[in-house]
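Only one structure is covered here, and it is reproduced in the block below.
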2 protein chains.
Amino acid sequence: MKYHKIPDETIKRMPMYLRAFSILKTQNQETISSQQLAERLHLNPPQIRKDLSYFGAFGTRGIGYPVSSTAEQIRSILKLDVSQQAVLVGAGRLGTAIASYPGFSMFGFDIAAIFDNDNNKIGKTIGKNLVENVAEIVTLKARNIRLAILAVPANAAQGCADALIDAGIKGILNLSPCYLNVPKRVKVITIDIAMELGILPYYI
Amino acid sequence: MKYHKIPDETIKRMPMYLRAFSILKTQNQETISSQQLAERLHLNPPQIRKDLSYFGAFGTRGIGYPVSSTAEQIRSILKLDVSQQAVLVGAGRLGTAIASYPGFSMFGFDIAAIFDNDNNKIGKTIGKNLVENVAEIVTLKARNIRLAILAVPANAAQGCADALIDAGIKGILNLSPCYLNVPKRVKVITIDIAMELGILPYYI
DNA sequence: TTGTGGTTGTGCTCACAATCACAAGCAAAC
DNA sequence: GTTTGCTTGTGATTGTGAGCACAACCACAA
């Protein structure tokens, strides 16, 4: 399995595996077979084995995968072994909901700063962060933060993205319903809730 | 192109086309070529043509696609030509953010009811809806609502899903980080924000 | 030391989606 | 009426990922 390009679809499944292994660890289970794991995640056992084997041989034949060390391996592959700092732009309802989302901590994410353009919000505290003026985004350069979560209206998204990229941001989770024009080196993932909901009626 | 199964990936792109055509309509543009549309959406022209042609011939050779009527066609394909009523379960921060999300109206969605299990929230008003007790989900049967948005903690998600399905819900947009066990006839779409964010560090 | 049950790792095959290339066809100009 | 330019619709090709079957292998027991 050496010298193989790793499929994007495999990468997409890795956080799912990480979460499963993390939960198993808290339950003090020491090993798990691809069969058992597949039942939990509703996948096929060979797919799980193939996914994991792209990164090397983690398991033991006849036994399964060691929970604790495999979790650490995946964490390291996804670069989640060090705490990842992220900034949030947009302190509206969606932004504040995101900021207080408990699920991030499992992956080691930490909201390190929050920005907004509304004077009524600037200066207020959300969680442990003070809401700063979007004009201050430029100060991120010095702080070496590489991830941003964008929760602003669609018409403001591109402008914020430009400022973030200029300030050294390398990855953006975009929650606005729009395409962001960014340089190739910047990775954008867009989640468009309305669009996802839009396909449901077709299937029912 | 008759008698072809329509790819899931095509369906996923249809709401994107619908939004684009809707915006073009407000800008009073009468026709658009696959080339122009591809530039807007950052897709390839042949892909757009093939996607649309699965549902019949909408365009005019030499001219392009008529904005207004194509929008209506797509709306009808996705069953968004009639207002789709949906219920929201979970009136926490994420739930309230979703309830007031402006993007739903473009697709004709309407939040028709909101449920929560927290006595502090039950009875309060969010937007035009009164927050009801989750125990009342059973009353949905009489209201003929088929869509639900699930914004509750992971450990409560399966229980709520069971109640919703029992009350006649056919499609669920699940925002909890967990797999939902549902009958085959029910369509579930899960959005896991933390998991999406989890793949970003790998790419940067 | 050898045998056995069980599980991983992976080459191969199949299915599906993206892309290409071109024929078909419409509109407008002359 | 005919020609020209442009754009669609689609069969054929290529690329990518999922699934399967089996060889390789480990741990443990006898």
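Proteins come first, then strands; the chains are lettered A, B, ... in the order of their sequence lines, and each starts at number 1.
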Distance-only polar pair, side chains of A/Asp51 and A/Thr10, donor-acceptor under 3.5 Å: yes

query: For B/Gln35 and C/dC20, what is the distance between atoms CD and P respectively, to the nearest whole Å?
result: 12 Å

- line: To the nearest angstrom, the CG-C1' distance between A/Asp51 and C/dG9 comes to 13 Å

- request: Could you check how far CZ of A/Arg13 sits from P of D/dG17, rounded to whole Å?
  value: 9 Å

statement: Separation of D/dC6 atom P from B/Gln36 atom CD, nearest Å, is 13 Å

field: Side-chain-base donor-acceptor pair under 3.5 Å for A/Arg61 and C/dT8
entry: yes

message: Using only modelled atom types and a 3.5 angstrom limit, is any donor from either the side chain of A/Lys50 or the base of D/dG19 paired with an acceptor on the other?
response: yes

- request: State whether the side chain of B/Asp116 and the backbone N or O of B/Asp118 hold a donor-acceptor pair below 3.5 Å, judged by distance alone.
  value: yes

- prompt: So, does B/Asn129 use its side chain to make a donor-acceptor pair with the main chain of B/Ile111 at under 3.5 Å?
  reply: yes

- request: Report the C-alpha separation of B/Asp8 and B/Arg13 in whole Å, then their side-chain angles, then the decisive distance to 0.1 Å, and conclude whether the salt bridge (Lys or Arg N to Asp or Glu O under 4.0 Å) test is met.
  value: CA-CA 9 Å; B/Asp8 282 347; B/Arg13 282 186 292 269; over 6 Å; no

Indicate every side-chain donor-acceptor pair of residues 96-105 of chain A with a distance under 3.5 Å to a residue at least two apart or in another chain.
residue  : atom : partner  : partner atom : Å
A/Thr96  : OG1  : A/Gly92  : O            : 2.9
A/Thr96  : OG1  : A/Arg93  : O            : 3.0
A/Ser100 : OG   : A/Thr96  : O            : 3.1
A/Ser100 : OG   : A/Ala97  : O            : 3.2
A/Ser100 : OG   : B/Arg93  : NE           : 2.8
A/Ser105 : OG   : A/Pro102 : O            : 3.0

- request: Kindly state which residues belonging to residues 37-49 of chain A come within less than 4.0 angstrom of DNA chain D, counting heavy atoms of the residue only, listed by number.
  value: A/Asn44, A/Pro46, A/Gln47, A/Arg49

message: Pairing donors with acceptors under 3.5 angstrom, does anything connect the side chains of B/Gln158 and B/Asp162?
response: yes

Euclidean distance, atom OH of residue A/Tyr54 to atom P of D/dT16 [Å, nearest integer]: 12 Å

message: Just the rounded figure in Å: distance from C1' of D/dA18 to CD of B/Glu9.
response: 13 Å

task: Would you mind telling me which residue lines up with the more 5' stretch of DNA chain D, A/Pro7 or B/Gly62, judged by nearest nucleotide?
output: B/Gly62

message: Rounded to whole Å, how long is the line connecting atom CG of B/Asp8 with atom C1' of D/dG17?
response: 14 Å

message: Under 4.0 Å from OP1 or OP2 of D/dC26: is there any side-chain N or O of A/Tyr65 that close?
response: no

task: Take B/Arg143 and B/Glu136 through the salt bridge (Lys or Arg N to Asp or Glu O under 4.0 Å) test and state the conclusion after the steps.
output: CA-CA 12 Å; B/Arg143 292 204 246 169; B/Glu136 303 293 320; over 6 Å; no

- request: Using distance alone, with no hydrogens and no angle criterion, decide if B/Thr190 and B/Asp192 have a side-chain donor and acceptor under 3.5 Å apart.
  value: no

field: Aromatic plane relationship, B/Phe55 with A/Tyr202 - under 30° parallel, 30 to 60° tilted, over 60° perpendicular
entry: perpendicular

- prompt: Could you state the CZ-P distance from B/Phe55 to D/dT10, rounded to the nearest angstrom?
  reply: 13 Å

message: So if I take residues 195-204 of chain A and measure heavy-atom distances to DNA chain C, which residues fall below 4.0 Å?
response: none

query: Within the structure shown, what part of the strands sits under 4.0 Å from B/Ser34 by heavy-atom distance: base, sugar-phosphate, or nothing?
result: sugar-phosphate

